Structures are given as structure tokens and as C-alpha cells.
Number of protein chains: 2
Amino acid sequence: MTQVELAKLNKTSPQMRYVSKDEGMLLELLKTRIKEGKIVLIKNSKRKINPCAVGEGLRVKVNANVGTSKDSSSIDKELRKMDVAIKYGADAVMDLSTGGDIKKIRRLILKNSTVPVGTVPIYEIAIMAAKKRGHISRINPQDILEILEAQASEGVDFFTIHSGITQGVIERLKKQKRLISIVSRGGSFIAEWMIVNKKENPFYEYFDDILRIAKKYDVTLSLGDALRPGSIADATDRPQMQELITLGELADRARKNNVHVIIEGPGHVPLDQIEANIILQKRLCNNAPFYVLGPLVTDIAPGYDHITGAIGGALAAFYGADFLCYVTPSEHLRIPDEEDVKNGVIASRIAGHAADIAKRIPGALNWDKAMSELRVKRDWKGQIKKSIDPIKAAKYRKSSISINKDFCTMCSDYCSMKIMEQCFK
Amino acid sequence: MTQVELAKLNKTSPQMRYVSKDEGMLLELLKTRIKEGKIVLIKNSKRKINPCAVGEGLRVKVNANVGTSKDSSSIDKELRKMDVAIKYGADAVMDLSTGGDIKKIRRLILKNSTVPVGTVPIYEIAIMAAKKRGHISRINPQDILEILEAQASEGVDFFTIHSGITQGVIERLKKQKRLISIVSRGGSFIAEWMIVNKKENPFYEYFDDILRIAKKYDVTLSLGDALRPGSIADATDRPQMQELITLGELADRARKNNVHVIIEGPGHVPLDQIEANIILQKRLCNNAPFYVLGPLVTDIAPGYDHITGAIGGALAAFYGADFLCYVTPSEHLRIPDEEDVKNGVIASRIAGHAADIAKRIPGALNWDKAMSELRVKRDWKGQIKKSIDPIKAAKYRKSSISINKDFCTMCSDYCSMKIMEQCFK
């Protein structure tokens with residue numbers, strides 16, 4: 001039985017117990033929210049890991065994308081990136097490989113990851129079509145179901161499925177005159193197939209079959225936003241909204257079939273439209289958990305998109321986004337390396353934690369309070385240990401002055417905390 | 001005559017013309033806002049530079065702090081940091097030196113800076129007291145006016161003056177039981193003086209004399225927030241609000257005396273309290289420009305406080321903060337180096353620009369649109385040139401693939417933009 005089925009029967013799974021304890025959420029409330037589709041426990045029933053729990057009232061979670069491309073297809077490198085992502089606190093990883101031996105990479109990631117693993121199955125499907133039939137658009141619908149079944153049976157915990165890009169959406173896209181039409185890689189594969197074959201999106205047509213596979217392995221469906229804006233100027237337009245309406249309808253169908261479902265969201269969004277994007281997603285999708293990529297609040301900072309994404313992610317999470325897909329400094333420039341992965345995970349975790357504090361998630365502020373107590377005592381070893389990245393904090397401190405001094409090189413003796421301690425003694 | 005006096009007489013200065021053109025704001029509107037105290041043109045009347053215009057309807061500006069401390073007192077290093085800050089787009093720099101030959105450093109910064117220079121005069125005042133009379137608390141009020149006059153006559157463009165920390169504020173601070181009482185260095189110097197000498201804050205007592213000096217040289221007063229929270233848990237409390245009320249009253253006095261005035265703000269503030277902080281400042285200070293330090297939205301990320309500050313700064317600027325004081329990755333750990341300065345300036349500029357887009361500042365979105373147009377064309381040279389940091393963007397690109405390829409290593413051939421270009425041809 002899936003976690004949703006169990007919750008509907010008011011049964012308690014070990015996963016529910018784990019999440020209830022880990023997050024400090026009453027088991028009954030957790031079960032109610034699972035039943036309502038407001039919380040999902042991402043974990044394939046075949047995998048022996050803790051689930052990644054995503055949704056209302058829980059800590060914001062962070063996903064890190066890894067995976068090869070044609071021009072960067074080292075398996076070892078991707079496994080190292082996965083390790084770095086998990087070491088710095090990613091709650092899930094997605095394998096987005098499109099180069100080299102895709103199956104082998106996925107199996108190794110599944111074998112080695114201690115956190116849930118997601119994929120975008122259209123990548124393997126399209127690349128198989130290209131190999132077998134000469135072009136990525138020569139997918140036949142049976143391929144889709146076979147590959148989904150194969151990936152699910154291997155243990156993939158969540159799938160990005162672009163079921164919302166229908167012919168109606170493409171019509172609206174043509175009329176919209178976006179600066180950048182589609183920036184979702186999977187979305188562009190499907191759009192091409194639909195345009196070349198003049199047929200409806202098979203991920204929409206065969207959604208019931210997809211649900212059947214997801215249910216069998218309790219795979220969480222992450223409904224992809226093929227129409228997410230790729231430019232600030234394109235945000236929150238008709239094609240994006242048209243797709244979101246369909247995603248909401250599909251989410252209802254998933255829930256009726258006791259399949260965990262979350263919704264993917266933008267993308268490039270100006271600060272003033274982030275709140276509206278969250279309200280819309282929550283309304284149109286009946287409060288399904290929201291998984292956002294960024295959002296990036298400006299287009300002009302390649303090399304710093306972990307920062308543009310942290311700004312948007314913090315705000316999105318504060319308004320109710322539940323799951324942040326990291327953005328690395330390499331976004332828009334190249335495939336990330338290990339250092340990029342580290343910086344991306346940390347930036348997203350900062351964003352998520354800032355939102356957790358603002359949303360009064362139980363215990364979130366305690367970390368900050370503990371840090372402040374160490375600061376006022378000038379306990380440098382303690383501060384470093386409590387830091388989100390103790391290695392970097394230690395490096396900074398040690399580069400400048402002995403760790404045993406009770407001030408830092410910013411103020412030296414003229415440390416406000418030392419002065420006030422004297423004053424109030 | 002000061003710029004405020006000119007505006008009140010409906011006269012137009014070359015500085016007003018420059019700002020009107022540079023920002024695309026009608027001259028009459030600009031003058032009205034200067035008259036009302038909603039916009040200030042930061043520039044000492046003796047300096048031959050363009051002003052830094054700060055306030056309602058203008059682009060968000062960024063300040064970078066440089067300056068020595070006792071344990072890091074190289075003048076060359078600070079001048080290099082100033083150069084880096086200006087190169088990466090800082091609109092103003094503050095010299096916060098407290099170590100070495102403070103006068104000499106300041107004069108060299110004033111000589112070399114092409115942007116307005118601010119100081120926190122209490123530093124020189126306190127350090128002179130320590131040298132002459134053995135302790136920083138042995139300031140005599142005459143010292144204050146002498147040093148202010150000297151700094152203003154040298155050309156300092158703006159002063160941080162902590163006039164709002166009164167005995168009433170300190171009483172409330174004692175009752176508040178903050179995690180960290182005072183984190184403002186200047187604020188702690190003054191608090192110590194007030195506690196040791198059992199007298200009212202001389203910057204409050206002698207405010208009329210300070211106004212007289214500021215008016216003489218058209219120095220902008222930046223009213224400092226000695227009580228800014230230094231921990232998320234201390235934000236928006238009674239001592240902070242008590243000081244802000246006084247700052248509002250002092251701002252009124254400055255305006256009556258035709259002196260430019262801006263208000264300094266926090267600090268460490270959780271995401272959900274940022275909007276309230278801006279509304280309060282604007283209401284209590286009659287819409288005086290707001291100059292914020294961060295705000296930092298969490299305490300747990302030393303080494304990454306340029307990111308925590310960019311999150312808070314973007315949101316603050318969106319709600320109406322006008323001037324962002326950068327925070328560098330070294331905050332809470334050490335005095336920044338050149339790389340830290342660069343990262344701090346860029347993070348704050350990203351925050352400011354994201355807010356400019358969201359506030360529909362004229363022309364702000366054009367930069368993003370131009371970048372998107374280059375992206376869809378896969379014009380890598382153009383994208384790099386348009387980037388906020390072309391050097392970093394070029395380094396990333398060149399580390400991975402030839403600049404002439406029309407895709408990047410993230411997707412290789414499977415580039416959504418290439419695919420969609422084909423589809424819609």
C-alpha cells in the first residue's frame with residue numbers, strides 16, 4: 001500500500017513515525033495532511049532510506065541536481081557531486097543525466113544515495129528514441145511506460161513528469177511572443193514531439209498508466225512545468241498559467257488514485273510576482289506541495305545565480321513553497337562542478353531556513369539563538385561548529401587571527417560585545 | 001547653499017540635472033522630493049564628484065565599507081579594497097578605519113574615491129580620547145565638534161551619527177534582555193560613555209551644532225541605529241523602536257535646518273518582519289531615505305552572509321529601503337579582503353536590482369530583457385559582456401567549452417533553446 005492509502009485507512013507507517021518525530025509534527029496532523037495531499041513522503045517502496053517529507057508545516061527541503069551531459073559524462077564526477085550535495089545537507093538529489101551510460105549512472109546513484117533520488121524519465125526515453133530511431137522526437141508511447149516501469153522498479157523515488165504541456169498550451173505559447181519560449185529541457189523534448197507528430201502530449205494521454213506505475217512503487221509524481229518562464233519578462237504569463245491549471249487537474253487525479261503528487265514551479269520570476277505564483281499554485285492545485293526552481297529574481301547575474309535563486313527561494317518558501325530545487329553559480333554557463341554543488345546547496349538551505357524561521361516552524365529559530373549565544377560569548381570554536389559550513393567559517397577565522405582571541409579582526413579590541421559586557425557587568 | 005535650500009528656492013543645481021538625467025526622473029519631481037526630504041544627493045559641497053542620489057523612485061544604491069582595524073591596518077590594502085568596491089559598482093564607500101593612521105587613510109580614500117565617502121566620526125573621536133586621555137570613554141563634547149568640523153572640511157560626504165541612543169533607550173535596553181545587547185561598534189562606544197559618565201548622549205545634546213557643521217559643507221547625516229538587532233531573536237524590539245522614534249524627531253530637525261538626512265536600519269531581521277521595519281521607518285521618519293545593513297535573515301551562515309544579506313536586502317529594497325550597505329562573506333569572522341569586497345558588492349547589487357525590477361524603476365528590466373535576448377540566441381560573448389561580473393562569467397564558460405559553441409555543457413545538443421528554435425522555424 002502507498003503512504004496515502006495507509007493514511008486514508010488511518011494506519012501508521014514507520015515512515016510517518018520517523019517524520020512525525022523528526023519534524024516535531026503530531027502524528028495525527030501529519031496523517032491528515034498526507035490524506036489531504038498537503039504532505040508527501042518521498043520514497044520508493046523498494047528503497048531502504050528515510051523519506052524526504054515535503055509539505056505544509058514541515059521544514060523547507062532542498063533538492064540538488066546532478067547528472068551528466070554529452071560534453072561532461074564522467075560517472076565518478078557525478079557520484080562525487082552527489083556526495084558533496086548530501087554532505088552539505090541536500091534532502092534529495094535528482095539524476096538528470098543525458099550523457100554516457102545513463103542507466104549505469106542512475107543505478108550507482110540509487111545505490112549510493114542516502115536521500116531520495118528523482119529523475120526526469122523523458123531524458124532516458126528521448127535519448128533511447130534518438131539511439132534506436134535516429135531522433136529524440138521518435139518516441140513511441142510504449143517506450144514511455146516501459147522506461148517508467150524500469151526506473152520505478154529500480155527504486156527511483158520521484159519522477160518529473162511533464163503532463164501539463166498540452167496542445168492548448170502550445171497554441172497559447174505561440175501567441176504569447178515570449179522572449180524565451182521553453183527553457184525546460186524535458187518540456188522542449190515533448191513540445192518537439194507534439195509539434196512534429198501533431199499529437200497530444202503522451203504524458204497527458206497516458207496519465208492513468210503513469211499513475212498505475214507510480215502507485216505500484218509509491219513513486220511521488222512531480223508534475224513538471226515545461227512552461228516555466230526563462231526570463232523575468234516572461235513570468236506569470238498565459239502559457240504558464242494554462243499549464244498550471246492542467247497540473248492542478250492532474251494532481252486531483254493522482255490523489256484519487258492514492259499517488260503522492262507535488263507540483264513544479266518557476267523559474268525566472270520578479271520579486272513582486274512571487275507571492276502571486278505561490279497563491280495561484282496552492283489554489284489551483286488544492287494545496288499540493290510546491291517544488292520551485294529558484295525562483296531567480298533577475299537574469300543578469302550568471303556566476304551568481306545561487307544568490308538570485310536564494311533571494312527568490314527564501315521569499316517563495318516564506319509564502320508557502322515547500323521544496324527548493326537548488327541553483328548553482330554555474331547556472332546558465334556550464335554543468336556544475338563539486339564547488340558549485342556545495343555553493344548551490346548551501347544557498348538554498350539558507351533560503352529554506354530563513355523561511356522556516358519566518359513561518360515559525362518548530363525549532364527553526366533555536367539554531368539562530370544558539371549561534372547568537374556563542375557570539376556574545378566570543379566562543380569562536382562554538383560558532384564555527386554551529387555554522388552551516390564549519391569548514392568555510394574555520395578557514396575565514398583561521399586566515400586572520402588566532403582562534404583563542406576573544407575578538408575578530410573586524411573590530412579588534414573595539415568589539416561592541418566586549419564593551420557592552422564590561423558596561424553591564 | 002545646500003541642495004535642500006536650492007530645492008526649496010526652486011533652483012536647479014548641476015547635481016540635480018545630473019541625477020535627473022541619470023535616473024530618468026523629471027527634474028521637478030526630483031526637486032519636490034529633495035524638498036520633502038524623500039531624496040538626498042550625497043556629496044560634500046567641497047568635493048568634485050557626482051552625487052550619490054538616494055531615495056524614493058530612484059535606483060537602489062549600494063555602499064561598501066572599507067577601513068582598517070588594529071589587527072589589520074594596511075593603508076594600501078584598504079585602498080585596493082576601495083578600488084575593487086568601485087570597480088564592481090558600489091555607489092558609495094564608507095571608511096570605517098579604527099587602526100593605524102586614521103587621518104591619513106581617510107584623506108587618501110577621499111583623494112582616490114570617485115564615489116561619495118562616508119565615515120563614522122565617533123571612531124576617530126573615541127580613539128583620540130583613548131590616545132589623549134587613556135580610554136575611549138574619556139571623550140569630551142568639544143572633541144566631537146572639532147573632529148566633525150575637520151572631517152567635513154576635508155570633504156567627507158556623509159556621517160553616521162548615533163544621536164538616537166538616549167538614556168531612555170539604554171533603560172529600555174536593560175529591561176529587554178536581548179541575546180546580544182549592542183552590535184553597533186559606534187553605538188557601544190557611546191553607550192559606554194553614557195553609562196560611565198551618567199550623562200545624556202552628546203550626539204543628541206549637541207545635535208544643533210552637528211546640524212550647523214553638516215549644513216556648512218552639505219554633509220548628509222546618516223542617523224545611526226545603535227540599537228539595531230544583532231540576532232534574529234532580538235529584531236524589532238522596544239529599544240530598537242524607541243531609538244527609531246527619536247531618529248524620526250531628529251530627522252525633522254535636520255530637514256528644518258536644510259540638512260540632508262537618511263536613517264540607518266537593521267541588522268538581523270527575520271523575513272516576516274522586514275516589511276514592518278520598512279513601514280515603521282517610513283512612517284516614523286516622514287519618508288526619509290532608509291539605509292539598511294543587510295538585513296540578515298538568519299544568524300547561522302557565517303561565510304555566506306553576503307547571501308543572507310542579499311535575501312534581506314532585496315526584500316527590504318522592494319518594500320522601500322533606498323540604500324543597501326553591503327555585507328561580505330567575512331561578516332562575523334574577520335575584516336574583509338578584496339575578494340570578500342567584490343562578493344559583497346555584487347550580492348548587494350543583485351538585491352538592489354531585483355528590487356528595482358519589482359518596483360518598476362525606469363529601465364531596470366531592460367538589462368534583463370537584453371540578457372534574455374542574448375540567451376535565446378546563444379550569444380555567449382554577448383551574455384558574458386552583459387553579466388554583472390563579466391570576469392567570473394567568462395571564467396566559468398571558458399573552463400568548460402569553447403565560447404563559439406552554440407550550447408553549454410549543461411544540456412549540450414539537448415538545449416531547449418536550440419530545440420524550440422527548430423520547432424518554431
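Just so we're on the same page: letters track the sequence lines, and every chain starts at 1. The structure displayed is predicted, hence computed values, not measured ones.
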Subject >> Heavy-atom check, side chain of Ile180(B) versus side chain of Met420(A), under 4.5 Å >> reply: no

Original post:
Is there a donor-acceptor contact under 3.5 Å from the side chain of Ser416(A) to the main chain of Ile182(B)?
Top reply: yes

Subject >> Selection from Ile384(A), Val297(A), Leu96(A) maximising heavy-atom pairs under 4.5 Å formed with chain B >> reply: Val297(A)

Original post:
Are there more than 12 heavy atoms of other residues, nucleotides or ligands under 6.0 Å from atom NZ of Lys405(B)?
Top reply: no

Original post:
Which value, rounded to the nearest 0.5 Å, describes the distance between Tyr396(A) atom OH and Thr328(B) atom OG1?
Top reply: 7.0 Å

Subject >> Met194(A) side, atom CE; Cys423(B) side, atom SG - distance, nearest 0.5 Å >> reply: 10.5 Å

Original post:
Just wondering, are more than 12 heavy atoms of other shown residues or ligands nearer than 6.0 Å to NZ in Lys174(B)?
Top reply: yes

Subject >> Minimum heavy-atom distance between Met371(A) and Asp299(B), given as atom pair plus value >> reply: CG-O, 3.2 Å

Original post:
With respect to chain B, which residue among Asp337(A), Ile136(A), Ile357(A), Ile346(A) yields the maximal number of heavy-atom pairs within a distance under 4.5 Å?
Top reply: Ile346(A)

Subject >> Best-contacting candidate, Cys408(A), Pro302(A), Ala191(A), Gly186(A), against chain B by heavy atom pairs under 4.5 angstrom >> reply: Pro302(A)

Original post:
When only pairs under 4.5 Å are counted, which of Tyr304(A), Tyr123(A), Phe318(A), Phe424(A) shares the most heavy-atom pairs with chain B?
Top reply: Tyr304(A)

Subject >> Exercise: identify the closest heavy-atom pair between Ala358(A) and Leu271(B) >> reply: CB-CB, 3.6 Å

Original post:
Among Pro336(B), Pro270(B), Ser400(B), which has the most heavy-atom pairs under 4.5 Å with chain A?
Top reply: Ser400(B)

**OP:** Between chain B and each of Arg360(A), Arg334(A), Met410(A), count heavy-atom pairs under 4.5 Å; write down the option with the most.
**Re:** Arg334(A)

Original post:
Hey, what do you get for CG (Asp272(B)) to OH (Tyr319(A)), rounding to the nearest 0.5 Å?
Top reply: 10.5 Å

**OP:** With sequence neighbours left out, write down each residue that passes ring-ring contact (aromatic ring centres under 6.0 Å, His included) with Tyr414(B), or none if nothing qualifies.
**Re:** Phe189(A)

Original post:
Quick one: what part of Glu192(A) sits under 4.5 Å from any heavy atom of chain B, side chain, backbone, both or neither?
Top reply: both

Original post:
Is chain B contacted by the side chain of His306(A), its backbone, both, or neither, given a heavy-atom distance below 4.5 Å?
Top reply: side chain

**OP:** Decide if atom NZ of Lys385(B) counts as having more than 12 heavy atoms of other residues, nucleotides or ligands within a radius under 6.0 Å.
**Re:** no

**OP:** Answer with side chain, backbone, both or neither: which region of Leu374(A) has an atom nearer than 4.5 Å to a non-hydrogen atom of chain B?
**Re:** neither

**OP:** Would you mind telling me which of Arg397(B), His353(B), Gln383(B) has the largest number of heavy-atom pairs within less than 4.5 Å of chain A?
**Re:** His353(B)

Subject >> Between Ser231(A) and Arg375(B), a side-chain donor and acceptor under 3.5 Å >> reply: no

Subject >> Proximal component of Ser137(A), with respect to chain B [non-hydrogen, under 4.5 Å] >> reply: neither

Subject >> Residue selection (most heavy-atom pairs with chain A, distance under 4.5 Å) from Asn343(B), Ile311(B), Val183(B) >> reply: Ile311(B)

Subject >> Within 6.0 angstrom of Lys369(A) NZ, more than 12 heavy atoms from elsewhere >> reply: no

Subject >> Atom group of Ile195(B) that falls short of 4.5 Å from chain A, counting heavy atoms >> reply: side chain

Original post:
With a 4.5 angstrom heavy-atom cut-off, which part of Arg349(A) approaches chain B: side chain, backbone, both or neither?
Top reply: neither

Original post:
With only heavy atoms counted, which part of Ile300(A) is less than 4.5 Å from chain B, the side chain, the backbone, both or neither?
Top reply: both

**OP:** Please look at Pro329(B) and chain A and tell me whether the side chain, the backbone, both or neither of the residue comes under 4.5 angstrom of a heavy atom of that chain.
**Re:** both

**OP:** Please determine, among Ile232(B), Asp234(B), Thr68(B), the option with the most heavy-atom pairs under 4.5 Å with chain A.
**Re:** Ile232(B)

Original post:
Looking only at heavy atoms, which two atoms of Ala347(A) and Ile307(B) are closest? And how far apart?
Top reply: CB-CD1, 4.1 Å

**OP:** State, without any angle test, whether Asp71(B) and Thr409(A) hold a side-chain donor-acceptor pair at a distance under 3.5 Å.
**Re:** no

Original post:
To the nearest 0.5 Å, what is the distance between CG (Leu296(B)) and CD1 (Ile350(A))?
Top reply: 10.5 Å

**OP:** Could you tell me which of Leu365(A), Asp340(A), Ile274(A) has the largest number of non-hydrogen atom pairs under 4.5 Å with chain B?
**Re:** Asp340(A)

Original post:
Any side-chain heavy atom of Val376(A) within less than 4.5 Å of one from Leu179(B)?
Top reply: no

Original post:
Side chain, backbone, both or neither: which part of Ile403(B) has an atom under 4.5 Å from a heavy atom of chain A?
Top reply: neither

**OP:** For Lys386(B), look at atom NZ and say whether over 12 heavy atoms of other residues, nucleotides or ligands are found less than 6.0 Å away.
**Re:** no

Original post:
Quick one: what part of His332(B) sits under 4.5 Å from any heavy atom of chain A, side chain, backbone, both or neither?
Top reply: both

Original post:
Does Lys70(A) use its side chain to pair, donor to acceptor, with the backbone of Ser412(B) at less than 3.5 Å?
Top reply: no

Original post:
When rounded to the nearest 0.5 angstrom, what is the spacing between CG in Leu333(B) and OG in Ser387(A)?
Top reply: 6.5 Å

